[in-house]
Peer 1: 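Below is a structure I'd like to ask you about.
Quick note on labels: first sequence line is chain A, next is B, and so on, each numbered from 1.
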Protein chains: 2
Amino acid sequence: MESLNLDRHSVVPLYFQIQQHLLQDIRSGRLKAGKPLPSEEVISKRLRVSRMTARQALKSLCSLGVAYSQRGKGTFVSEIKLEKNFRQVQSFTEEMEARGSRPHSKLISSEVVPVGEEAALALRLPPEEKVIRIRRVRVADALPMGVETTCLPQPLCPDLLDKFDPRTSLYRTLSQGYGIHIVQADEVVEAGLANSEEARLLGISKGSPVFLFTRTSYVQGGQAVEYVKSTFRGDRYKITNRLGQSGNDNSSGGGM
Amino acid sequence: MESLNLDRHSVVPLYFQIQQHLLQDIRSGRLKAGKPLPSEEVISKRLRVSRMTARQALKSLCSLGVAYSQRGKGTFVSEIKLEKNFRQVQSFTEEMEARGSRPHSKLISSEVVPVGEEAALALRLPPEEKVIRIRRVRVADALPMGVETTCLPQPLCPDLLDKFDPRTSLYRTLSQGYGIHIVQADEVVEAGLANSEEARLLGISKGSPVFLFTRTSYVQGGQAVEYVKSTFRGDRYKITNRLGQSGNDNSSGGGM
DNA sequence: TCACCCCAGTTGTCTAGACAACTGGGGTGT
DNA sequence: ACACCCCAGTTGTCTAGACAACTGGGGTGA
């Protein structure tokens, strides 16, 4: 804290520089769990920023879950770690890379077909519209993890099947090739049993426990661009989630 | 918007009054999806509050997911609804009531036992500590939904078994009887198959698909107070989740 | 026609204060 | 011993501005 030199001419906001510095102190153990962070007043005085800026830095730590505030007492380092973010939209590729695994995919089929009733509803397309449907087996570190069927409206990316290597990340191709940035998704998770096709593709026995995911993805503004149904092995896949802290979060670290 | 009279002497913060009013406009359809909300400037002028206060109201809508901001353009009503909050810690009771179902529970057993290895790790208890263990079948609208085993450190609530009616909400009892307010939890979800005991208790056949939940709950400050393992029917239970909007949220509506 | 510039409108960040509400500890008076 | 008050420290809310960065549209000039 004492050693921090703020760069007042950087494009990086001050509150974000402060947030990053405090985060380092926490991760390195210089600030221990349960101990108070410097108060808004102290940060403000020491770093010569206004109290609102110091406050924004502290609040952003709260919304990351690494700290919490108590009125009249202070802001404290949270005892719980798990900075992982299972709340963000992540493609299979991103998720596996974050876990430290090498992801890839085996193509089952890719074709242009009429949108089914279910996908039409989710993507808000007229029933005569066509979609690009890609079926893949998702693999991490040479182990088959799940079967995934993705539907994208054809008008959105008409030449996708030429441009896209199905073994790589679809989200990356959509982002870099078409400027389609997926920022939000609704997901439904069900528990089910592998049917015989899934069992064969995944190398498990029929009737093994599986997760069934149904995901609809949106770009900024809410237009649906992707409808995905996937089946993942119950023995190799877990969902972990941090619940709570309802409400009081304020400004997180997104400022870049 | 025009008709809003702010109560400047209320204990309810101004930004929260504004947020609630805009939320009404959105829910009632007066503000339609995709349309811009009043800008910070406009709110500020019209309601005679400072721009920072107007801003806080708009940001809180963003963090609820009902709006989104674009720099240089404005703040817009999100096209996606689903205000449900599957990010909050909710007891089974709260969750079912939010769904519109009548929850209750059948007690299987309640006893004081030595903490197991697994629970000791999660609750950070020494291995010789004792826990209160409550096993219940969770029922919604007369349909059995799942089997739940809850472990609580005995010193925390020594006379719980006298005070607590196992057919009601444990969280409510902890909150009202002991001042223990659970504000955060880590949850792991797995897909599995019902064993014969679970099948009998839930009225399904052995080998049916089920969700396996493992939850550790914390009070403000991070002390673990509850370790729960539960098995829920795959045919009657779904998880839905909203992903995304990484980062930029600012102050939500918690101010009361 | 097209590239460029400028401008009004908007959100993002920041300042320097103010008062309210709450916490916890110390002191005072009974 | 105990209740009460007061006070310093802290977060919550709010004000009234400022400049930066970006968007989109209109106008200008080549």
Peer 1: Could you list the residues that satisfy ring-ring contact (aromatic ring centres under 6.0 Å, His included) with Phe92(B), not counting sequence neighbours?
Peer 2: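 Phe92(B) satisfies ring-ring contact (aromatic ring centres under 6.0 Å, His included) with Phe232(B) only.
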Peer 1: Could you tell me the separation between the CD1 atom of Ile43(A) and the C1' atom of dG9(D), rounded to a whole number of Å?
Peer 2: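 Rounded to the whole Å, the gap is 15 Å.
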Peer 1: Measure from the side-chain heavy atoms of Glu40(B) and tell me the nearest of dG12(D), dT11(C), dC14(C).
Peer 2: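 It is dT11(C).
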Peer 1: Picking from dT11(C), dG12(D), dG24(C), which would you name as closest to the side chain of Lys59(A)?
Peer 2: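 Of the candidates, dG12(D) comes closest.
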Peer 1: Hey, is the side chain of Lys73(B) poking within less than 4.0 Å of OP1 or OP2 on dG24(D), counting only N and O atoms?
Peer 2: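 For dG24(D), OP1/OP2 do have a side-chain N/O of Lys73(B) under 4.0 Å.
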Peer 1: Please check the phosphate of dC14(D) (OP1 and OP2 only) for any side-chain N or O of Tyr15(B) closer than 4.0 Å.
Peer 2: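 Looking at the OP1 and OP2 atoms of dC14(D), neither is under 4.0 Å from any side-chain N or O of Tyr15(B).
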Peer 1: More 5' along DNA chain D: Ser50(B) or Arg51(A), using each one's nearest nucleotide?
Peer 2: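 Comparing both residues, the 5'-ward one is Arg51(A).
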Peer 1: Rounded to whole angstroms, how far apart are CZ on Phe16(B) and P on dA20(C)?
Peer 2: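 Result: 22 Å.
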Peer 1: Output the rounded distance in Å from NZ (Lys45(A)) to C1' (dT15(C)).
Peer 2: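 That distance rounds to 15 Å.
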Peer 1: Mapping Met52(B) and Leu37(B) to their closest nucleotides on DNA chain C, which lands nearer the 5' end?
Peer 2: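 Its nearest nucleotide being more 5', the pick is Leu37(B).
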Peer 1: Determine whether more than 12 heavy atoms belonging to other residues, nucleotides or ligands lie under 6.0 Å from atom CZ of Arg48(B).
Peer 2: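 Atom CZ in Arg48(B) is not crowded, with 12 or fewer foreign heavy atoms closer than 6.0 Å.
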Peer 1: Does Tyr178(A) have Lys163(A) sitting over its ring (NZ/CZ under 6.0 Å from centre, angle to axis within 45°)?
Peer 2: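 Positive - Lys163(A) is close enough to the ring of Tyr178(A) and near enough to its axis.
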Peer 1: If I take atom CD in residue Gln56(A) and atom C1' in nucleotide dT11(D), what distance separates them, rounded to the nearest angstrom?
Peer 2: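 Nearest whole value for this atom pair: 16 Å.
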Peer 1: Taking salt bridge (Lys or Arg N to Asp or Glu O under 4.0 Å) as the definition, give me every residue that meets it alongside Glu226(A), ordered by chain and number, with sequence neighbours left out.
Peer 2: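 With sequence neighbours excluded, Glu226(A) shows a salt bridge (Lys or Arg N to Asp or Glu O under 4.0 Å) to no residue whatsoever.
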Peer 1: Of the listed nucleotides (dC14(D), dT13(C), dA21(C)), which one gets closest to any side-chain atom of Arg71(A)?
Peer 2: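 Shortest atom-to-atom distance from the side chain points to dA21(C).
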Peer 1: DNA chain D: stems of at least 3 consecutive Watson-Crick or G-U pairs, cut-off 3.5 Å?
Peer 2: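 C:1-30 with D:1-30 - these are the stems of 3 or more pairs that involve DNA chain D.
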Peer 1: Give a yes/no on whether any side-chain N or O of Ser69(A) is located under 4.0 angstrom from OP1 or OP2 of dT11(D).
Peer 2: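 So the side chain of Ser69(A) is outside the cut-off, no N or O lying under 4.0 Å from OP1 or OP2 of dT11(D).
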Peer 1: Could you note down all residue pairs passing salt bridge (Lys or Arg N to Asp or Glu O under 4.0 Å) where residues 166-185 of chain A supplies at least one of them, sequence neighbours left out?
Peer 2: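 For residues 166-185 of chain A, and leaving out neighbouring residues, the salt bridge (Lys or Arg N to Asp or Glu O under 4.0 Å) pairs sorted by first residue read Glu97(A)-Arg172(A), Asp165(A)-Arg167(A).
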Peer 1: Quick one: on DNA chain D, does Arg8(B) or Thr75(A) contact a more 5' nucleotide (nearest heavy atom)?
Peer 2: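 The residue closer to the strand's 5' end, by nearest nucleotide, is Thr75(A).
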Peer 1: Which residues pass the salt bridge (Lys or Arg N to Asp or Glu O under 4.0 Å) test with Glu41(B), sequence neighbours left out?
Peer 2: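 Checked Glu41(B) against salt bridge (Lys or Arg N to Asp or Glu O under 4.0 Å); matches are Lys45(B).
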Peer 1: For Arg55(B) and dG12(C), is the shortest distance between a side-chain N/O and OP1 or OP2 below 4.0 Å?
Peer 2: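 For dG12(C), OP1/OP2 do have a side-chain N/O of Arg55(B) under 4.0 Å.
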Peer 1: Could you pull out all residues at least two apart from Glu148(A) that satisfy salt bridge (Lys or Arg N to Asp or Glu O under 4.0 Å)?
Peer 2: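 Per chain and number, Glu148(A) pairs via salt bridge (Lys or Arg N to Asp or Glu O under 4.0 Å) with Arg136(A), Arg138(A).
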